[in-house]
Amino acid sequence: MLRKLFNCTAILSVILLFSACAGNSSKDKTDGSDFSLSDSAINENAPLQLSEDIIGEVIQNISSPVEMASLIKKSGVDFSQKILNNPDKVGDYNTSFKRALNLGVFSADLGYINTFDKSTIVVSYLLSVKELAEGIKVGQFFDFAALKRMASNSSNLDSLMEVSVSSFNKMDAYLRSQNRSHVSTLIVTGAWVEGLYIANSVIKETRNPELINRIGEQKDIIDILLIILGNYSHDKNFAEMVTRMEQVKQAYAGVKITTEFGEPKRIERDGTLIIVQDEISHVEITPEQVDNIIAEISSLRDFIVL
Amino acid sequence: MKKILAIALLLVSVVYTTIDAQCGDDLLKKALKEMGDSQYMKDFNVDLTNVSKDTKTGYIKFSVILNSRTHYKFNTTDGLGNSEKVIMQLYDGDKMMASNYDSGKMYQSFEFVCRKSKVYNLVFSYQGGAEGCSKAVMSMVKQYAEGEMNF
């Protein structure tokens with residue numbers, strides 16, 4: 001009896017294990033051949049300067065668009081849908097390059113919509129994410145039925161945010177594990193540009209100093225993006241992105257970031273340990289520099305979404 | 001035979017559920033619950049296994065960008081089978097900025113008020129090089145205006 005039970009359990013376990021592995025391997029075949037832009041990006045004649053591991057690590061260093069959205073909400077400005085990308089355009093993005101970039105754009109838009117609790121329009125943006133994610137074979141990380149159910153109930157908006165962020169994190173980890181960091185690179189770039197574009201739209205109206213400070217701090221991020229985009233610049237689409245990103249870098253040339261040292265602090269409050277950093281950074285940026293950055297980001301964003 | 005198959009199925013599902021509760025999505029759910037009211041940003045999967053008995057203390061490192069004038073929270077949840085709690089340390093280069101193991105006391109989380117935007121490293125390990133799995137969540141507690149940073 002025990003022996004039979006053991007055998008049955010072992011057989012079932014093996015079947016489950018193999019069914020899980022089979023699922024992954026079939027995905028691998030589809031993913032590798034479908035992504036047209038990668039044909040030149042990963043071909044053997046054009047070796048990558050940076051390994052997939054390093055690129056993955058670098059990608060993790062790009063700020064979440066949620067932070068920018070939260071800063072915008074804190075500025076007190078009203079929500080504006082007209083500054084976001086239009087879900088009707090999704091069907092026009094018919095290359096993997098455009099789909100990946102705009103998946104990033106719509107993820108930033110989704111972060112902005114969720115931060116402002118706009119449940120009425122969130123479904124159309126979720127559907128855009130679904131279509132774009134499926135277009136580059138990463139739709140499996142988004143449980144759209146569950147997301148849609150959550151979106152229909154305003155009390156579930158925190159959960160919706162959690163599931164959305166978690167889905168993007170899983171998708172990014174998967175892409176890197178499949179040596180598809182070039183796709184992650186585009187998604188992250190799209191999200192970064194859209195986050196800045198939304199912030200810039202608010203700055204144009206309000207000249208909010210906190211947002212201007214955050215825009216100035218992005219100077220260091222441009223170098224990171226240039227490193228990872230440049231890694232694939234033997235592909236003409238990536239080369240075009242690098243050229244355009246160089247123009248944004250030029251607009252940032254005069255922005256200064258300085259550091260002063262203060263006192264580190266250790267506070268224990270209600271059983272929680274809080275550490276306050278001793279280094280303090282300051283951004284020096286002129287109104288003209290802000291205007292130049294806004295113009296360059298707007299031009300780059302047009303290239304991505306139009 | 002049917003009874004045996006049913007028991008076997010039950011056993012397999014129990015094993016799978018336990019594995020998930022130990023190291024999978026259930027552990028992440030628990031970590032997200034313990035995150036509290038702050039805004040979820042990112043999660044980290046810690047799964048350390050000793051390859052050989054004489055391996056030195058194992059660790060896993062993630063790099064994260066933190067923004068100035070932002071108050072972050074880092075909380076951890078350990079797998080049920082762990083013999084040790086996970087130690088989480090935040091580094092700026094070689095300099096340790098914060099840890100959940102501080103002055104001989106183990107905390108479930110720590111908070112960090114960042115005043116300089118840059119890349120930091122988050123390092124996870126278990127005391128004595130023990131094996132284990134844990135989830136950690138990075139979340140945002142608050143963003144400060146320039147005049148609000150007086151602690």
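Computation of the quantities below employed the complete heavy-atom set of this structure, encompassing side-chain atoms and omitting hydrogens, waters and symmetry-equivalent molecules. Letters go in sequence order (proteins before strands), and every chain restarts at 1. Small disclaimer: the values here were computed from a predicted structure and weren't measured.
The closest donor-acceptor contact from the side chain of B/Asn75 to the backbone of B/Gln108 lies at 3.5 Å or more, if one exists at all. Looking only at distances, a side-chain donor or acceptor of B/Tyr126 sits under 3.5 Å from a matching main-chain atom of B/Cys133.
When heavy atoms are compared at a cutoff of 4.5 Å, B/Ser103 approaches chain A solely by way of its side chain, counted from C-beta outward. For A/Asp278, the parts lying near chain B are the backbone and the side chain together; criterion is any non-hydrogen pair under 4.5 Å. Residue B/Gln39 touches chain A through its side chain alone, counting heavy-atom pairs closer than 4.5 Å. For a residue to count as touching a neighbouring chain, one of its non-hydrogen atoms must lie under 4.5 Å from one of that chain's; by this rule B/Phe110 touches chain A with backbone and side chain alike. At a 4.5 Å heavy-atom cutoff, the contact between A/Glu279 and chain B is made by backbone and side-chain atoms alike. If you measure heavy-atom distances from B/Met140 to chain A, the contacts under 4.5 Å come from the side chain alone. Residue contact with chain A, scored on non-hydrogen atoms closer than 4.5 Å, is absent for B/Leu90. For A/Lys219, no part lies near chain B; criterion is any non-hydrogen pair under 4.5 Å. Contact of B/Lys142 with chain A is not made at all, since no heavy-atom distance falls under 4.5 Å.
Chosen from B/Lys73, B/Met35, B/Arg69, the residue pairing most often with chain A at heavy-atom distances under 4.5 Å is B/Arg69. Ranked by heavy-atom pairs under 4.5 Å with chain B, the list A/Asp220, A/Leu273, A/Thr115, A/Val283 is led by A/Leu273.
Between A/Glu210 and A/Lys74 no salt bridge is recorded (no basic side-chain N to carboxylate O distance below 4.0 Å). A salt bridge links B/Lys105 to A/Glu268: at least one charged side-chain nitrogen sits closer than 4.0 Å to a carboxylate oxygen. Using a 4.0 Å cut-off between a side-chain N of Lys or Arg and a carboxylate O of Asp or Glu, B/Asp92 and B/Lys118 qualify as a salt bridge.
If you look at A/Phe168 and A/Phe142, their ring centroids are closer than 6.0 Å.
Between B/Phe44 and B/Phe124, the ring planes are tilted. Angles from 30° to 60° get that label.
Note that the CZ atom of B/Phe74 and the CE atom of B/Met41 stand 9.5 Å from one another [nearest 0.5 Å].
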